[in-house]
Amino acid sequence: MKLKNLEERSDYYSEKLGNVIRQMNYTAIAVVWLLSKEGNSIKVTGGLLWVLLFSVASLLMEMFQYFYGYYLNDRYFMYIEGKIKFGEMEEDEEFRWSRLWTWPLHLFFIGKIAFSISAFACLVFRICKDIG
């Protein structure tokens with residue numbers, strides 16, 4: 001296996017995990033809404049409030065991850081474009097990201113997973129408490 005193949009596999013699993021996490025957050029928010037509905041109003045209390053907060057925090061982490069990824073790619077594109085324009089680099093030349101620039105992407109990715117797991121742990125705890 002080559003490094004490029006490993007990177008493609010990592011991107012594939014990262015994308016799938018992001019999709020699952022996003023759907024879990026939407027599901028958690030929907031369950032909070034269903035369990036909190038009282039007539040024409042919604043009253044979120046106790047453990048459900050934590051479920052809602054963790055789910056929203058996870059979605060915000062995902063938004064920050066995509067925003068930072070877009071911003072980083074855009075700036076780096078302009079930087080590489082300038083190097084090509086001034087003859088410091090060939091157009092088809094390979095280059096690699098510095099880990100210094102990409103660590104926030106990993107932090108946001110891990111953050112959204114942690115918040116989502118926390119939301120579902122709170123939700124399971126709340127449901128078990130209501131059942132038992």
Side-chain angles (χ1 to χ4, degrees):
M1 181 179 297
K2 294 186 178 185
L3 186 60
K4 182 176 174 79
N5 300 95
L6 190 60
E7 186 177 38
E8 288 171 357
R9 289 178 80 179
S10 178
D11 290 345
Y12 170 81
Y13 289 118
S14 172
E15 179 184 352
K16 293 298 179 187
L17 181 60
N19 291 339
V20 169
I21 291 293
R22 189 177 317 108
Q23 292 304 316
M24 286 175 62
N25 287 319
Y26 292 151
T27 301
I29 291 169
V31 169
V32 167
W33 178 71
L34 288 171
L35 294 177
S36 301
K37 192 158 173 56
E38 294 178 1
N40 291 334
S41 64
I42 296 176
K43 188 175 182 181
V44 181
T45 59
L48 291 178
L49 182 60
W50 286 108
V51 173
L52 185 61
L53 291 174
F54 284 138
S55 295
V56 170
S58 179
L59 291 169
L60 284 172
M61 283 288 179
E62 184 172 37
M63 183 189 73
F64 294 147
Q65 177 191 5
Y66 289 132
F67 173 77
Y68 182 76
Y70 157 76
Y71 183 79
L72 183 64
N73 277 294
D74 187 55
R75 297 296 118 199
Y76 206 67
F77 174 81
M78 292 170 63
Y79 169 73
I80 296 296
E81 190 178 47
K83 289 186 95 161
I84 292 169
K85 183 179 178 182
F86 292 111
E88 298 173 25
M89 189 174 183
E90 295 294 321
E91 194 164 327
D92 59 350
E93 189 176 330
E94 290 279 329
F95 60 90
R96 300 225 20 110
W97 290 97
S98 167
R99 290 189 185 267
L100 178 67
W101 297 106
T102 59
W103 71 266
L105 290 171
H106 300 292
L107 181 69
F108 292 138
F109 183 72
I110 291 168
K112 77 178 176 183
I113 293 168
F115 280 127
S116 187
I117 289 170
S118 299
F120 264 80
C122 289
L123 185 59
V124 168
F125 180 76
R126 168 64 194 267
I127 290 172
C128 289
K129 184 179 167 188
D130 286 350
I131 291 173

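- Considering CG of Asp92 and CD1 of Ile84, their distance stands at 8.5 Å, rounded to 0.5 Å.
- Between the CG atom in Leu48 and the CD1 atom in Ile29 there is a gap of 12.5 Å [rounded to 0.5 Å].
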Review point. What do the steps show when you test Lys16 against Val20 for side chain to side chain contact (heavy atoms under 4.5 Å, CB included), and what is the final call?
Key: CA-CA 6 Å; Lys16 293 298 179 187; Val20 169; 5.6 Å; no
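- Paired with Gln65 under the rule side chain to side chain contact (heavy atoms under 4.5 Å, CB included), one option of Leu60, Leu105, Ile110 passes, and it is Leu105.
- Qualifying salt bridge (Lys or Arg N to Asp or Glu O under 4.0 Å) partners for Asp130, counting only residues two or more places apart in sequence or in other chains: Arg126.
- Put simply, Leu49 and Leu34 are part of the same group of oily side chains (I, L, V, M, F, W, Y) that touch within less than 4.5 Å, one to the next.
- When hydrophobic clusters are built by joining Ile, Leu, Val, Met, Phe, Trp and Tyr residues whose side-chain heavy atoms come closer than 4.5 Å, directly or via intermediates, Val56 is grouped together with Trp33.
- Here the CD-CD1 distance, from Glu88 to Ile80, works out to 10.0 Å after rounding to the nearest 0.5 Å.
- Residues Leu17 and Leu107 fall into different hydrophobic clusters, defined by Ile, Leu, Val, Met, Phe, Trp and Tyr side chains chained together at heavy-atom separations under 4.5 Å.
- Residues forming a ring-ring contact (aromatic ring centres under 6.0 Å, His included) with Tyr76 (at least two apart in sequence, or on another chain): Tyr79, Phe95, Trp97.
- Atoms CZ and CD1, from Phe109 and Ile21 in turn, are 7.5 Å apart once rounded to the nearest 0.5 Å.
- Among residue pairs with one or both ends in residues 17-30, those qualifying as side chain to side chain donor-acceptor pair (under 3.5 Å) are Asn19-Arg22, Arg22-Glu62, Arg22-Tyr66, Asn25-Ser58, Asn25-Ser116; sequence neighbours excluded.
- In plain terms, the two heavy atoms of Cys122 and Val51 that are nearest each other are CB-CG2, 3.6 Å.
- Counting non-hydrogen atoms of other residues, nucleotides and ligands closer than 6.0 Å to CD of Glu93 gives a total above 12.
- A distance of 9.0 Å separates CD of Glu91 from CD of Glu81, quoted to the nearest 0.5 Å.
- When all heavy atoms are compared, the tightest approach of Trp101 to Tyr68 is O-OH, 2.7 Å.
- Phe125 and Val44 fall into different hydrophobic clusters, where Ile, Leu, Val, Met, Phe, Trp and Tyr are joined by side-chain heavy atoms under 4.5 Å apart, directly or via other members.
- Judged by distance alone, the side chain of Ser14 and the main-chain N or O of Ser10 form no donor-acceptor pair under 3.5 Å.
- Interatomic distance, CZ of Phe67 versus CG of Leu72, reported as 11.0 Å (0.5 Å rounding).
- No chain of hydrophobic side-chain contacts below 4.5 Å, direct or via other Ile, Leu, Val, Met, Phe, Trp or Tyr residues, connects Phe54 to Val124.
- Contact detail for Glu94 and Met89: the closest heavy-atom pair is O-CE, 4.4 Å.
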